[in-house]
Amino acid sequence: MKKSILTLFLVLPLMSSLAADATLTIDATRPVAKVSPILYGLMTEEINYCYDGGLYAELVRNRAFLDDAATPVHWSAVQGSGSAVTIALDPGQPLNEAIPTSLRIDVSQASPAAPAGVANSGYWGIPVKPVTTYRASFYAKAEKGGASPVSLAIESEDGATIFAKAAVPGLTGDWRFYEVTLTTGKDATLTTKARLTLKMEHPGTVWLSLVSLFPPTWKDRANGLRPDLMQMLIDLKPSFLRFPGGNYLEGDTIATRFDWKKTLGPLSGRTGHPGPWHYRSTDGMGLLEFLLWCEDMNAEPVLGIYAGYSLKGEFVKPGPDLEPYVQDAFDEIEYVAGPVTSKWGAQRAKDGHPGPFKLRYVEIGNEDFLDHKGTYEGRFAQFFDAIKTKYPGLKCISTVGNEQPDKKRIHGRKPDVLDEHYYRSVNEFLKDSPAHFEKYDRSGPKIFVGEWAAYETAFVPWDKRSKGGPPTPDMKAALGDAAWMAAMERNSDLITMQCYAPLFVNVNEYQWRPNLIGYDALNSYGSPSYYAIRMFSNNVGDSILKSTFSEGTAIQGTVTRDSKTGVIYVKLVNPEPAARELAINLNGFHSVASAAEVETLSADLTATNSLADPAKVTPVKSTIQGVGASFPLTLQPYSITVLKLK
Ligand code: AHR
């Protein structure tokens with residue numbers, strides 16, 4: 001031990017004479033409880049173009065021509081002087097049953113010098129990066145035994161600049177699959193003002209289906225994920241991922257729920273479905289893609305199981321009517337975690353992942369307190385009994401936490417965990433955080449705060465007016481978030497899991513605000529709340545220490561210790577406009593290094609990050625000296641601070 005850098009003290013009398021605005025006493029002799037090892041996680045659903053137009057790296061929008069029944073939205077005809085073309089949806093030439101329409105392209109005039117065809121504008125542009133290889137693929141057929149080569153290009157919106165190109169030889173009269181790569185040169189400019197084109201050099205009729213373009217993906221996986229967003233998530237060190245929703249699990253109707261069996265296998269077999277957030281999902285992010293996503297983040301799945309209730313009020317009566325849905329949940333569990341010798345485990349192996357995934361938690365439905373017909377009790381009981389009989393090791397999460405936080409039993413069953421959701425104003429969080437969970441009865445189920453976020457203004461996230469605000473929250477919201485996280489961490493004997501929501505937003509169009517991470521087709525950024533969460537989840541021990549603030553202070557916090565390294569993590573939130581001097585008293589410590597690392601996130605209340613200014617509010621690291629039995633720490637105005645004592 002390097003004694004020179006350590007201040008040694010055996011339970012010394014505390015220096016209470018420090019001139020301070022407030023005191024914090026940390027008691028090492030009394031660990032309050034264990035920190036849940038899976039406290040920090042992520043929640044996800046298809047909202048704000050979170051998968052399509054977001055994490056799922058597909059660049060072509062409306063790739064299967066199913067987004068609109070009348071017109072090929074996001075596609076346009078490409079013609080000019082010396083070329084002419086018309087395009088239309090053609091249900092008469094389907095690729096197959098899953099993709100029951102195609103795009104018909106009638107080229108009436110074209111030549112090698114003046115080709116004609118179609119363009120896709122992507123999700124608010126196709127992102128161009130220099131020296132980058134894109135994988136394009138499509139199904140096509142031509143009228144009467146063939147047509148001219150099809151040339152593909154990533155080009156500027158006006159077609160004047162070609163960033164990358166490739167060609168496939170003549171088509172045949174039958175549907176065939178074509179694949180090419182397109183590579184940009186080193187001079188290609190970074191832009192989203194680009195499109196994908198497919199053009200013909202001779203007159204004729206061609207049909208297209210499932211046109212796809214992928215940039216490089218995380219781990220270079222086909223049908224994969226955006227690397228920049230994946231890295232941001234991995235940096236949060238999530239221990240679990242709750243999927244596939246939220247409302248997205250339930251759908252507006254039973255028919256439009258997340259029907260996991262329809263999301264497996266080749267993309268040509270995935271029809272997609274209308275989502276509850278007013279746009280259609282490709283289902284490119286299917287069940288296996290979610291599981292691979294978990295695996296890549298080293299996070300365990302928290303699997304949302306459709307439980308017979310959809311948002312517009314349709315429900316399945318408990319009893320025999322619900323049995324097929326219970327069986328569907330069994331099949332899903334088997335797909336995720338069953339052996340390859342089982343029917344659905346074998347399907348998973350066929351889909352490319354022989355090994356079972358770890359599965360410990362299933363959530364039965366989503367926000368079923370909204371089922372005003374009161375059928376959840378019966379539905380929950382039926383799922384619970386069936387799952388506990390077949391998979392006794394699985395923990396069942398109930399979704400009625402908000403409605404009945406003290407409810408220990410649902411229809412006679414004690415859920416393992418209750419999911420509670422909190423979307424609240426910053427002021428509500430600041431006011432409620434010091435005592436909210438402290439009041440809970442510890443003999444009830446554990447609590448999963450499966451959705452939470454602070455909003456800055458009087459507009460709540462589901463209020464239409466709130467969408468006038470920026471897609472991601474500002475520093476003020478981060479202060480509310482940090483206070484709430486501190487409350488959950490202090491009570492992590494009870495709050496075993498928690499995750500912010502929503503996770504993602506495409507800044508071009510969104511149905512909800514605030515959201516944690518923003519992006520367009522090319523760039524991404526974390527909100528101040530993202531950095532607050534990163535600071536919290538990266539600095540957590542395994543036991544909670546008793547921490548007491550002096551009366552009347554607005555400062556909030558949480559203290560944990562890592563039993564292996566001995567590091568003490570002190571997290572502090574100063575929601576006030578002035579710097580605050582905090583006298584920290586260490587009670588019952590044998591020794592502490594006189595130098596300590598500090599990480600601070602501090603900014604004006606309305607300061608925020610954006611695509612234009614992605615790092616305006618980011619944490620700053622520093623070191624303080626003079627740490628001892630009692631020592632002062634200055635908290636910046638409007639700040640979140642993590643202090644690491646060794
Ligand atoms: O996160 C947005 C929505 O809020 C979720 O879909 C739903 O569960 C909640 O009401």
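Residue numbers run from 1 in the order of the sequence given. Order of listing sets the numbers, starting from 1, for every ligand and every atom in it.
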Give the residue and atom name of whichever protein heavy atom lies nearest to [atom], and the separation in Å to one decimal.
atom	result
atom 8 (O) of ligand 1	E451 OE2, 2.8 Å
atom 10 (O) of ligand 1	E367 OE1, 2.8 Å
atom 7 (C) of ligand 1	N247 OD1, 3.2 Å

Does [X] pair with [Y] as a salt bridge, N-O distance under 4.0 Å?
X	Y	value
E300	K395	no
D416	K388	yes
D283	K262	no
K571	E599	no

Heavy-atom pairs closer than 4.0 Å: do any link ligand 1 to the side chain of [X], the backbone, both, or neither?
X	value
W512	side chain
M43	neither
W452	neither
Y423	side chain

ask   = Does at least one non-hydrogen atom of P502 fall below 4.0 angstrom from an atom of ligand 1?
value = yes
Quick check on W277 - does any of its heavy atoms sit under 4.0 Å from an atom of ligand 1?
yes
In W277, W260, Y306, F258, the residue satisfying ring-ring contact (aromatic ring centres under 6.0 Å, His included) with Y248 is F258
Result for ring-ring contact (aromatic ring centres under 6.0 Å, His included) between Y56 and one of W218, F214, Y51 points to F214
Exercise. Return yes or no for this condition: an N or O of N366 is under 3.5 Å from an N or O of ligand 1.
Key: yes
- Do any nitrogen or oxygen atoms of E45 come within less than 3.5 Å of a nitrogen or oxygen of ligand 1? yes
Where do D371 and K373 land on the salt bridge (Lys or Arg N to Asp or Glu O under 4.0 Å) test, with the steps shown first?
-> CA-CA 5 Å; D371 169 8; K373 297 264 167 39; over 6 Å; no
From the list E489, Q498, K237, side-chain hydrogen bond (donor to acceptor under 3.5 Å, both in side chains) partner of Y40 resolves to E489
